[in-house]
Amino acid sequence: MLITHDTRCALDAVVDLVNSAPEDDTTPDGLPDVATLGDFVRKHDISDVGTLSEFDLSAVRKVRGRFAGIFAAQDPRTAAQLINELVAAAGTTPRLTDHDGYEWHVHYFAPGASVADHLAADCGMALAFFVVAGEQERLRRCEAPDCRRAFVDLSRNRSRRYCDSRTCGNRLHVAAYRARRKEAAG
């Protein structure tokens, strides 16, 4: 599956956005305020965003919840329905652009769109490409028992199981190794 630069950027943004949600009532929100939303926008080079407000923060949090539903979708039909609703609500207006030194690419958000609509349109279309390609199963959650972070499995053979092999994957491998050694010694 060919993933262009702009699609990769949208995938990185949607994964970070989904992972900013609190996992439960005891974990803090990764987007607690407008300043943090501004940091998110700058980190992901989200263009054409004006002055951010509390309204933008609330709207982005709602879009974040809808994206989480796409990662939780059990089948392509459900994922497609959720993506269609999200992208339609954003009022997509595909257009070619070559801003900020990037080659030609497609923006799906309308000029002057809110940051929430921008994310819904561009990130929604990036996820749509996976459903269209029959690769919806690549939109995953970490399999570590104490981690449910979202990620997009871009491995060649669709074998990635953890959000980060150096943290979650390594921690589980070390625990399994220690358990085997303990069993062998005991």
Side-chain angles (χ1 to χ4, degrees), residues 1-24 27-31 39-46 60-88 90 92 94 102-103 105-109 115-116 118-177 179-180:
M1 180 173 175
L2 174 66
I3 298 176
T4 60
H5 171 76
D6 54 312
T7 300
R8 181 60 195 242
C9 290
L11 292 172
D12 290 344
V14 73
V15 165
D16 282 354
L17 183 61
V18 169
N19 289 335
S20 73
E23 290 186 31
D24 54 37
T27 56
D29 192 316
L31 285 177
D39 293 341
F40 178 88
V41 165
R42 282 186 292 284
K43 174 184 176 188
H44 292 286
D45 292 324
I46 299 172
V60 168
R61 285 177 176 161
K62 287 177 186 165
V63 166
R64 175 180 69 185
R66 297 183 80 184
F67 279 128
I70 295 166
F71 276 84
Q74 297 297 312
D75 57 78
R77 184 164 305 283
T78 302
Q81 179 182 349
L82 294 169
I83 292 169
N84 284 340
E85 291 169 1
L86 186 68
V87 170
T92 57
Y102 294 110
E103 295 295 323
H105 59 282
V106 179
H107 280 185
Y108 295 95
F109 61 94
V115 66
H118 179 136
L119 290 167
D122 274 3
C123 296
M125 289 305 300
L127 297 177
F129 296 143
F130 282 82
V131 175
V132 168
E135 301 284 349
Q136 182 248 337
E137 73 274 3
R138 289 182 181 268
L139 308 177
R140 297 190 175 164
R141 291 287 188 161
C142 185
E143 291 182 18
D146 59 342
C147 180
R148 295 298 301 148
R149 293 179 59 83
F151 67 94
V152 178
D153 180 2
L154 297 177
S155 68
R156 182 172 286 185
N157 62 356
R158 299 175 196 88
S159 62
R160 188 170 161 199
R161 297 174 49 208
Y162 307 110
C163 63
D164 187 342
S165 61
R166 291 180 309 248
T167 54
C168 290
N170 191 47
R171 187 176 67 247
L172 288 174
H173 289 114
V174 168
Y177 170 78
R180 285 191 305 273

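Judged as a side chain to side chain contact (heavy atoms under 4.5 Å, CB included), and not counting sequence neighbours, the contacts of Arg64 are Leu17, Ser20, Ala21, Pro22, Asp29, Leu31, Arg61. Applying the salt bridge (Lys or Arg N to Asp or Glu O under 4.0 Å) rule to Asp6 yields no partners; only residues at least two apart in sequence or on another chain are considered. For His44, the ring-ring contact (aromatic ring centres under 6.0 Å, His included) partners two or more places apart in sequence, or in a different chain, are Phe40. Applying the side chain to side chain contact (heavy atoms under 4.5 Å, CB included) test to Val15 and every residue at least two apart in sequence or in another chain returns Asn19, Phe71, Val152. Remark: Asp45 engages Tyr102 in a side chain to side chain contact (heavy atoms under 4.5 Å, CB included) (not counting sequence neighbours). Listed by chain and residue number, Asp153 satisfy the salt bridge (Lys or Arg N to Asp or Glu O under 4.0 Å) test with Arg140 (two or more places apart in sequence, or in another chain).
From Cys142, atom SG reaches atom CZ of Arg160 across 8.5 Å, with rounding to the nearest 0.5 Å. In this structure, CG on Asp122 lies 10.0 Å from OG1 on Thr92, to the nearest 0.5 angstrom. Distance CZ/Arg138 to CG/Leu11: 11.5 Å, rounded to 0.5 Å.
No side-chain heavy atom of Thr4 sits under 4.5 Å from any side-chain heavy atom of Arg8. Contact check for Phe129 versus Ile3: no side-chain heavy atoms found under the 4.5 Å cut-off. The shortest distance between side-chain heavy atoms of Arg66 and Lys62 does not fall below 4.5 Å. No side-chain heavy atom of His105 sits less than 4.5 Å from a side-chain heavy atom of His5. Leu127 places none of its side-chain heavy atoms less than 4.5 Å from the side chain of Leu82. With a 4.5 Å cut-off on side-chain heavy atoms, Leu119 and Val14 do not count as touching. Here the side chains of Arg141 and Val18 are in contact, with some heavy-atom distance below 4.5 Å. In this structure, Phe130 and Leu139 have side chains that are in contact, with non-hydrogen atoms separated by less than 4.5 Å.
Closest approach of Tyr162 and Cys168 over heavy atoms only: CB-CB, 4.1 Å. When all heavy atoms of Ile83 and Gly124 are compared, the pair lying nearest together is CG2-O, 3.5 Å. Closest approach of Ala10 to Cys123, counting heavy atoms only: O-SG, 3.4 Å. When all heavy atoms are compared, the tightest approach of Ala126 to Thr7 is CB-CG2, 3.9 Å. Listed here is the closest heavy atom pair of Ala80 and Val131: CB-CG1, 4.2 Å. Here the closest non-hydrogen pair linking Gln74 and Ala72 is NE2-O, 3.1 Å.
By the 4.0 Å N-to-carboxylate-O rule, Glu23 lies too far from Arg149 to be salt-bridged with it. A salt bridge is absent between Asp39 and Lys43; no separation between the charged side-chain nitrogens and carboxylate oxygens falls under 4.0 Å.
Between Phe109 and His118, the two ring planes are parallel [angle under 30°; tilted spans 30° to 60°].
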